[in-house]
Amino acid sequence: MEQAGTVLAERIAERRAGVGDPRALVGEMRRAVLLVPVAGGGLWSAHSGGVRWICAFTDEAALARFALRHGPGDQPMEYAALLGARIVDEIVPSLGEPAGLAVDIATEDGSMFFPPVAGIVPDAVAVDARG
């Protein structure tokens, strides 16, 4: 049986190649156990374009590529293993600002951003939800 992170990486590659079903990609992201670096008592995130992006990785190799550039030197990078659904359904709404999920950002031609829009995050925090 394939690991959910591996399947998510495959779905990301399909979408980046212009094929595959976007809904299947979102579904796979929700089912995947993602590795999220922990820093300063919270989850690693970055701000860009008015959005706070939680950075997550599909496997330890993808996390290691990130850690080489952003890790604490010669120390191992701490991380939490979280379901994608928990990140977008619970953590994103708790942040109090537009937030999304950035997956495998250190993987050349393999990253994917899940923005804070309806269908990815709860409607109450989606930037495109009609209120």
Colleague: With a 6.0 Å cut-off (strictly less than), is the heavy-atom count around CD of E90, excluding the residue itself, greater than 12?
Modeller: yes
Colleague: Output yes when a side-chain donor or acceptor of R23 lies under 3.5 Å from a complementary backbone atom of G27, and no otherwise.
Modeller: no
Colleague: Could you tell me which non-hydrogen atom of F113 sits nearest to which non-hydrogen atom of A102, and how far apart they are?
Modeller: CE2-CB, 3.5 Å
Colleague: With sequence neighbours excluded, what pairs up with V127 under the side chain to side chain contact (heavy atoms under 4.5 Å, CB included) test?
Modeller: P98, P116, V117
Colleague: Just verifying a value: how many Å separate L68 CG and M77 CE, rounded to the nearest 0.5 Å?
Modeller: 9.5 Å
Colleague: Hydrophobic clusters here meaning ILVMFWY residues chained together by side-chain heavy-atom distances under 4.5 Å, can you tell me if V125 and L43 are in one?
Modeller: yes
Colleague: In plain terms, say whether D21 and R11 are close enough for a salt bridge, that is, a side-chain N and a carboxylate O under 4.0 Å apart.
Modeller: no
Colleague: What's the spacing between D89 CG and R30 CZ if we round to 0.5 Å?
Modeller: 4.0 Å
Colleague: Are T107 and R65 packed together at the side-chain level, in the sense that at least one heavy-atom pair is separated by less than 4.5 angstrom?
Modeller: yes
Colleague: For residues T58 and D104, is any side-chain donor paired with an opposing acceptor at under 3.5 Å?
Modeller: yes
Colleague: Would you mind reporting whether V103 and F114 have side-chain heavy atoms less than 4.5 Å apart?
Modeller: yes
Colleague: Would you tabulate the side-chain donor-acceptor contacts of residues 33-40 under 3.5 Å, counting partners in other chains and residues two or more places apart, or write 'none'?
Modeller:
none

Colleague: Step by step, would you call L101 with M112 a side chain to side chain contact (heavy atoms under 4.5 Å, CB included)?
Modeller: CA-CA 8 Å; L101 178 62; M112 183 62 63; over 6 Å; no
Colleague: Go through the steps to decide whether W44 and F66 satisfy the test ring pair (Phe, Tyr, Trp, His ring centres under 6.0 Å), and finish with yes or no.
Modeller: CA-CA 11 Å; W44 189 290; F66 175 79; 5.1 Å; yes
Colleague: Which pairs of donor and acceptor atoms, one on a side chain in residues 48-55, lie under 3.5 Å apart (sequence neighbours left out)?
Modeller:
| residue | atom | partner | partner atom | Å |
| --- | --- | --- | --- | --- |
| R52 | NE | S45 | OG | 3.0 |
| R52 | NH1 | E97 | OE2 | 3.3 |
| W53 | NE1 | S48 | O | 3.3 |

Colleague: Rounded to the nearest 0.5 Å, how far apart are CD of E10 and CZ of R15?
Modeller: 15.5 Å
Colleague: Working to the nearest 0.5 Å, report the span between CG of L82 and CD1 of I91.
Modeller: 5.0 Å
